[in-house]
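For reference, the structure is listed below as structure tokens.
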Amino acid sequence: MEKKWWKESVVYQIYPRSFNDSNGDGIGDLNGITEKMDYLKELGIDVIWLSPVYESPNDDNGYDISNYQGIMKEFGTMEDFDRMLAAAHDRGIRIVMDLVVNHTSDEHPWFVESRKSKDNPYRDYYIWKEPKDGQAPNNWASCFSGSAWKYDETTSMYFLHIFSQKQPDLNWENENVRREVFDMMNWWCQKGIDGFRMDVISMISKDPAYPDGALKETGYGDYSPYVCNGPRVHEYLQEMNREVLSRYDLLTVGECSGVTIEEAKRYANLDGTELNMVFQFEHMDLDGGESSKWNERKIDLVELKATLSKWQTELYGKAWNSLYWCNHDQPRILSRLGNDTDEYREISAKMLATCLHMMQGTPYIYQGEELGMTNVPFSSLDDFRDIESINAFHEYTENGQTKPEDMMRYLCYKSRDNARTPMQWSAKPGAGFTDGTPWIMVNPNYTKINAEEQMARKDSVFHYYQNLIRLRKEHEIIVYGNYELLLPEDPDLYVYTRTLHPEKLLVICNFSGSARDFTLPEGFDPKNVTRLTGNYDRAAVESSLMLKPYETMVLLSRS
Ligand code: NOJ
């Protein structure tokens, strides 16, 4: 397998708004990130993925961009950006930018022009359609509730917005759009950035027929078959690769809603004609409903193992995997798959981390995951800031589909805001994130879960992550070894091996809160194994083990 730095790296995602506020306005900023560069160096990560820092009216916290080559005022200036980039590079840390080009903000000058008249030179930069029988051109639902079409009175036509009404979709069919996007990407690359995380990049090519989608419970139709992995998406990415990506040494990861294994092999093909890797969603969707994520369902471990193992084995040698439990769109994994009570919080956080970081692929850590940050005890709709959550609350409760008290529980469990509360740096007021009033509430558990406390304590979740990252650097088998799942039907244990001759790794994770017996499989002789890591003290490894609640360990054997 060809060796690449991005296969051997660990990526850390920063959501700048919530990471560190350097000027007391309650909003994280670029200078705040620069201040914490030594923290990231100490953790040992190689790459930062920076969620959007561009100028934006913040309808969707920066995922609605009004100037791709300017910095959001609340985050600082381009000089601050350059200082942050230099501070990262000085420490050997690379910076990957978020590239949001499925849509812009409606305040982007292209859209401001586009909506002016039907013959404006920018008209065709976006997707405009005539009304159909006086209504929207089709029944597609927006991701953020309601119709995906908005009527614009100036020209009596509709424009497409798969996300909010302030996020009109760009028309990638238009070669001027592609050229402008590629020019902008080249500009950033020449500045010295090290890659792109591409927002919903699987959605840039739409089915030109714009057919109605299957009806969802909200009464709107499902756009996915006509938007995800659309007819020209690979052509566009190959063009982007020729015009930009192939000219630099970058990490590229495509956020690919609706991606299948077959599609992933194309997006992340080993010939390097498109991207390095994709984010797939199948494991995150296992607790989703028929047509919406709003429920309290738990992920079933047997299904989780089947899904992750399918990606591990089917992409092996054909495309590269990304590995993640958390990001700014997901609730905290500890409250979703682990146990966030005081008794087991740290133990289960370490188990989840081990399970993911010993797999094949490039691991992504989302800010605060390395401390075992948890979901947030939100108590009313006023506590939420996320447009998806707030709109969904109104849509589901106002059409009578869901009772307000039920919807509030679903939000508390699944809302993206669970990931977006401030990074917990210390037990000081404002969690050490800000001296001012934070833009979103701080999780009250910051007095016990915070970086300062964990950095001072050897057995903390922070130090456990630090060690996992170090192990990946010390053992090639963790990066390149072949993966095999054991005990696929076991409802409590996730056990797998990695093989890179002459070494073999055994990864044991007890996902349950009960003790469980386990016998080492063939090829793992207790006298001949090294325990690389684990979350309980154990004097020795025996062939028959009684695993403690949420216990994990990694055993290395050489033949
Ligand atoms: C995916 C991003 O991760 C999410 O935060 C955003 O709301 C949508 N794309 C729209 O840009």
Side-chain angles (χ1 to χ4, degrees), residues 11 13-19 28 49-68 72 96-108 111 126-127 140-146 148 150 159-170 172 181 196-204 206 223-224 227-230 233 252-259 267 275 277-281 284-285 288 292-293 322 324-332 364 366-367 369 384-392 411 414-421 439-440:
V11 184
Q13 184 192 353
I14 291 184
Y15 196 66
R17 209 176 180 74
S18 307
F19 189 64
W49 149 25
L50 202 58
S51 275
V53 293
Y54 316 95
E55 277 177 34
S56 161
N58 276 309
D59 195 48
D60 186 20
N61 286 356
Y63 281 88
D64 49 319
I65 296 168
S66 53
N67 178 3
Y68 289 105
M72 193 190 299
V96 163
M97 301 295 283
D98 219 308
L99 179 80
V100 189
V101 289
N102 173 68
H103 45 268
T104 68
S105 162
D106 67 343
E107 297 181 33
H108 191 291
F111 191 77
Y126 295 86
I127 301 171
W140 292 356
S142 150
C143 248
F144 294 160
S145 300
K150 182 160 162 68
F159 67 85
L160 180 70
H161 62 90
I162 293 290
F163 295 91
S164 93
Q165 298 188 351
K166 287 183 66 62
Q167 292 169 298
D169 282 53
L170 281 166
W172 274 70
V181 168
F196 295 104
R197 172 269 183 188
M198 302 185 186
D199 193 69
V200 290
I201 203 71
S202 58
M203 293 166 61
I204 58 177
K206 278 83 176 171
Y223 60 71
S224 355
V227 170
C228 299
N229 314 309
V233 67
T252 54
V253 53
E255 189 205 20
C256 288
S257 330
V259 70
Y267 286 117
L275 308 175
M277 59 191 124
V278 302
F279 288 132
Q280 58 84 18
F281 285 87
M284 291 281 107
D285 289 343
S292 106
K293 70 178 193 184
S322 72
Y324 73 95
W325 286 138
C326 298
N327 59 42
H328 65 294
D329 292 331
Q330 301 292 339
R332 293 284 179 182
Y364 289 72
Y366 178 71
Q367 62 186 45
E369 183 181 343
F384 291 88
R385 298 289 177 272
D386 167 32
I387 182 169
E388 181 198 36
S389 308
I390 296 170
N391 287 0
L411 253 48
K414 288 275 187 72
S415 169
R416 312 194 292 182
D417 276 344
N418 283 298
R420 298 176 179 187
T421 59
W439 69 278
I440 185 171

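Counting convention: from 1, in listed order, for ligands and their atoms alike. Keep in mind that this is a model prediction, so the values were computed, not measured.
Aromatic ring pairs are classed by plane angle as parallel below 30°, tilted from 30° to 60° and perpendicular above 60°; the pair Phe111 and Phe159 is perpendicular.
Near His328, meaning under 4.0 Å from one of its heavy atoms, ligand 1 places the atoms 2 (C), 3 (O), 4 (C), 5 (O). Annotation for ligand 1: atoms under 4.0 Å from non-hydrogen atoms of His103 are 10 (C), 11 (O). Atoms of ligand 1 lying under 4.0 Å from any heavy atom of Arg416, numbered from 1 in the order shown and given with element: 4 (C), 5 (O), 6 (C), 7 (O).
Between the side chains of Tyr63 and Ser51, at least one donor N or O sits under 3.5 Å from an acceptor N or O. A donor-acceptor pair shorter than 3.5 Å can be found between the side chains of Ser164 and Asp59. Asp64 and Ser56 share a donor-acceptor pair across their side chains, judged by distance under 3.5 Å alone.
Between Lys414 and Asp329 no salt bridge is recorded (no basic side-chain N to carboxylate O distance below 4.0 Å).
Counting heavy atoms closer than 4.0 Å to ligand 1, residue Glu255 contributes side-chain atoms (C-beta onward) but none from N, CA, C or O. With a 4.0 Å cut-off on non-hydrogen atoms, Met198 does not touch ligand 1 at all. Contacts of Phe144 with ligand 1, taken as heavy-atom pairs under 4.0 Å, involve the side chain alone. Only side-chain heavy atoms of Arg420 come within less than 4.0 Å of ligand 1; its backbone N, CA, C and O stay farther off.
For Asn418, there are no side chain to side chain donor-acceptor pair (under 3.5 Å) partners, not counting sequence neighbours. Residues satisfying the side chain to side chain donor-acceptor pair (under 3.5 Å) criterion with Asn327, sequence neighbours excluded, are absent altogether.
Summary of contacts: the protein heavy atom closest to atom 6 (C) of ligand 1 is Asp60 OD2, 3.3 Å. The protein atom (non-hydrogen) at minimum distance from atom 8 (C) of ligand 1 is Phe163 CE2, 3.7 Å. Shortest contact from atom 5 (O) of ligand 1 to any protein heavy atom: Asp329 OD1, 2.7 Å. Among all protein heavy atoms, the one lying closest to atom 1 (C) of ligand 1 is Asp199 OD1, 2.9 Å.
Annotation: cation-pi pair Arg385/Trp439 absent, no NZ/CZ under 6.0 Å from the ring centroid and within 45° of its normal.
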